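Quick notes on the structure that follows.
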Amino acid sequence: MRKSLASPYLVLGGSTFAFTICFAVWMMFAVLGIPIRTELNLSQTQFGLLAATPVLTGSLVRVPLGIWTDRYGGRIVFLCTMLIAVIPIWLLSYATQYWQFLVLALFVGLVGGSFSVGTPYVARWFPKNKQGLAMGIFGAGNSGAALTKFVAPALIVMAGGAWNIIPQVYSVALLITAVIFWLLTSTDPAHNSPQSISLKAQIALIKDPRVLRYCQYYSVVFGGYVALSLWMTQYYIGEYGFNIKTAAFLAACFSLPGGVLRAVGGWISDKHGAYKTTWWVMWVCWVAFFLLSYPDTSFTINTAKGEQSFHIALGPTTFTILIFVVGIAMAIGKASVFKFIADDFSENIGAVSGIVGLAGGLGGFILPILFGVLLDFTGIRSSSFMLLYGTVCISLIWMHYSFKKGQA
């Protein structure tokens with residue numbers, strides 16, 4: 001039972017704090033992977049695989065975690081998810097070979113599944129007309145990606161360039177977070193569903209065209225957010241020649257609004273509806289990715305007055321402004337997609353959010369690898385944005401033909 005009238009807000013605060021730390025841990029290879037890449041002499045594709053490996057595990061476990069949250073309650077499932085990852089994170093500091101990093105990264109990724117636990121856990125403490133905002137506030141824990149970009153480079157500097165300190169500090173921080181979460185949060189047995197949807201029934205939900213749509217949207221706004229959070233630090237280093245501390249700071253200009261403003265996206269979705277909010281998010285991303293896709297180009301044309309040369313390139317300031325705008329749009333879009341779920345599947349939020357979260361997470365896993373493959377193949381750094389531009393085009397076309405006029 002609820003302990004007091006304040007319990008919903010304690011649950012929201014404790015869960016959001018825990019998710020922020022979990023997300024920071026989940027995204028640690030955005031910074032940690034850079035010195036490891038140098039140490040092991042990894043290719044761009046190998047770096048992309050290493051950075052994305054925790055995302056794979058965090059995505060795959062979202063389905064069972066969503067089911068267990070419906071059945072046993074979010075508090076105990078959230079706690080266990082954090083505790084299981086503590087030791088593997090610590091062991092990362094002793095890894096020396098590429099395969100060791102990959103194996104341990106799989107276990108580190110478990111904390112990424114906390115999203116499909118916290119979302120239904122938090123939502124059920126609030127009335128329907130406030131669920132979008134509540135889930136948006138919880139989802140603002142995505143700002144943990146920015147937290148890593150501030151904290152991890154500082155830890156490396158403090159340790160005299162030794163990267164081993166990052167997993168050690170993160171392991172202890174996650175353990176402390178688990179204790180704080182347990183002390184702050186509550187359990188309401190009425191929120192549990194002993195007869196919750198089975199794995200077979202959950203898989204059957206994939207046939208629902210609404211679920212498929214939401215999976216595709218989320219693979220763009222969340223998958224793209226995760227992928228860029230992992231990729232931006234090394235992008236700034238390679239494209240503009242910044243050191244790791246400056247690159248991580250600038251990359252946070254994307255990660256921070258992409259996480260914190262998710263709460264704003266929840267409020268906007270409650271007020272204007274999930275469809276309109278998601279529609280405009282996709283259009284903003286479409287324009288921004290189009291501009292970001294253009295590579296550094298020099299060309300010469302023949303004019304009536306002779307040859308004339310041109311040079312087109314995005315400077316770091318313009319690039320950072322555009323990526324900042326994308327971060328804001330994706331933050332709002334992540335919340336609006338889950339408003340769709342809360343509206344259409346209020347009885348199975350955990351089950352459906354597990355599927356949609358899985359799709360988004362798989363997007364976050366596949367995209368960094370494809371970024372690396374494209375960069376190794378073409379040598380064009382902006383090819384990553386070309387790929388994202390194509391995914392947004394698919395979303396806009398699908399939305400256009402899926403919703404009849406007035407239906408939204």
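Note that the structure is predicted; figures quoted are calculated from it, not measured.
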Taking Ser255's backbone N and O only, do any of them form a donor-acceptor pair with Tyr225's side chain (distance below 3.5 Å, no angle check)?
yes
State, yes or no, whether a side-chain contact exists between Ile380 and Leu374 at a heavy-atom distance under 4.5 Å.
no
Non-hydrogen side-chain atoms of Ile237 and Asn243 separated by less than 4.5 Å
no
Minimum side-chain heavy-atom gap Val281-Met330 below 4.5 Å
no
Using side-chain contact (heavy atoms from CB on, under 4.5 Å), reason through Trp231 and Leu367 one step at a time and then give a plain yes or no.
CA-CA 10 Å; Trp231 198 252; Leu367 285 172; over 6 Å; no
Within the distance-only criterion (no hydrogens, no angle test), does the side chain of Thr57 pair as donor or acceptor with the backbone N or O of Gly109 below 3.5 angstrom?
no
Evaluate the side-chain proximity of Val221 to Met282: yes if any heavy-atom separation is below 4.5 Å, no if none is.
yes
Taking all heavy atoms of Phe115 and all of Thr119, pick out the closest pair and write down the distance.
O-OG1, 2.9 Å
Phe29 CZ to Leu50 CG distance, which is reported to the nearest 0.5 Å:
5.0 Å
Report yes or no: do Thr148 and Tyr170 form a side-chain donor-acceptor pair below 3.5 Å?
yes
Side chains of residues 11-24: which donor-acceptor pairs under 3.5 Å do they make with residues two or more places apart or in other chains?
unit_1: Ser15; atom_1: OG; unit_2: Val11; atom_2: O; d: 2.7
unit_1: Thr16; atom_1: OG1; unit_2: Leu12; atom_2: O; d: 2.7
unit_1: Thr20; atom_1: OG1; unit_2: Thr16; atom_2: O; d: 2.7

Can you confirm whether Trp279 is buried at CH2, in the sense that more than 12 heavy atoms of other residues, nucleotides or ligands lie under 6.0 Å from that atom?
yes
Give the minimum heavy-atom separation between Trp26 and Phe222, together with the two atoms involved.
CZ3-CZ, 3.7 Å
So how far is it from Leu370 CG to Ser383 OG, rounded to the nearest 0.5 Å?
10.0 Å
Are any non-hydrogen side-chain atoms of Ile355 and Cys215 less than 4.5 angstrom apart?
yes
Where do Val220 and Thr391 come nearest, in terms of heavy atoms and distance?
CG2-O, 3.9 Å
I'd like to know if the side chain of Thr318 and the backbone of Gly315 have a donor-acceptor N/O pair within less than 3.5 Å.
no
Measure the CG-OG1 distance between Asp376 and Thr45 for me, rounded to the nearest 0.5 Å.
3.5 Å
For Phe107, does the CZ atom have more than 12 heavy-atom neighbours from other residues, nucleotides or ligands under 6.0 Å away?
no
To the nearest 0.5 Å, what is the distance between CH2 on Trp283 and CG on Leu396?
5.5 Å
May I ask you to decide if Met386's main-chain N or O and Ser293's side chain share a donor-acceptor pair within less than 3.5 Å?
yes
From Leu102, Val103, Thr96, residue fulfilling side-chain contact (heavy atoms from CB on, under 4.5 Å) relative to Gln100:
Thr96
OH of Tyr98: more than 12 outside heavy atoms within 6.0 angstrom?
yes
For Met27 and Val226, what are the C-alpha separation, side-chain angles and deciding distance, and is it a side-chain contact (heavy atoms from CB on, under 4.5 Å)?
CA-CA 8 Å; Met27 295 286 102; Val226 169; 3.5 Å; yes
Gln46-Arg37 side chain donor-acceptor pair, cut-off 3.5 Å
no
Can you find a heavy atom in the side chain of Val117 that is under 4.5 Å from one in the side chain of Trp68?
no
Between Phe254 and Phe324, does the ring centroid distance fall short of 6.0 Å?
no
Measure the shortest side-chain to side-chain distance between Trp286 and Ser395 over non-hydrogen atoms and say whether it is less than 4.5 angstrom.
no
Whether Lys334 engages the ring of Tyr218 as a cation-pi pair (distance to the six-membered ring centre under 6.0 angstrom, angle to the ring normal within 45°) should be assessed.
no
Determine the minimum heavy-atom distance between Phe181 and Leu79, stating which atoms define it.
CE2-N, 4.1 Å
Answer yes or no for Arg75 and Trp182: cation-pi contact, defined as NZ/CZ to six-membered ring centre under 6.0 Å and angle to ring axis within 45°.
yes
Any side-chain to backbone donor/acceptor pair from Thr38 onto Ile34? Under 3.5 Å, distance only.
yes
Donor-acceptor contacts, no H, no angles, side chain residues 83-95, under 3.5 Å, sequence neighbours left out:
unit_1: Ser93; atom_1: OG; unit_2: Trp90; atom_2: O; d: 2.7
unit_1: Ser93; atom_1: OG; unit_2: Gln168; atom_2: NE2; d: 3.4

What pairs of residues pass the salt bridge (Lys or Arg N to Asp or Glu O under 4.0 Å) test when at least one of them lies in residues 232-252, not counting sequence neighbours?
Glu239-Arg381
Quick one: does any side-chain atom of Lys149 pair with a main-chain N or O of Ser229 as donor and acceptor, under 3.5 Å?
yes
Would Val287 and Val325 count as a side-chain contact (heavy atoms from CB on, under 4.5 Å) if you check the C-alpha gap in whole Å, the side-chain angles of each, and the deciding distance to 0.1 Å?
CA-CA 10 Å; Val287 173; Val325 171; over 6 Å; no
Do Tyr236 and Thr320 meet the criterion of a side-chain donor-acceptor pair at a distance under 3.5 Å?
yes
side-chain contact (heavy atoms from CB on, under 4.5 Å), that's the test. Do Tyr294 and Leu314 meet it? Break it down for me.
CA-CA 8 Å; Tyr294 206 87; Leu314 289 177; over 6 Å; no
Any luck finding a side-chain donor-acceptor pair between Thr81 and Ser114 under 3.5 Å?
no
Do you know which two heavy atoms are closest between Ala51 and Leu230, and how far apart they sit?
O-CD1, 3.3 Å
Rounded distance (nearest 0.5 Å) linking atom CG of Leu155 with atom CH2 of Trp163
13.5 Å
Separation between CG (Leu291) and CD1 (Ile323), nearest 0.5 Å, reads 11.5 Å
Give the minimum heavy-atom separation between Thr233 and Ile244, together with the two atoms involved.
CG2-O, 4.3 Å
Check: Phe385 ring centre within less than 6.0 Å of Tyr235 ring centre:
yes
Is the shortest side-chain heavy-atom distance between Phe340 and Tyr217 below 4.5 Å?
yes
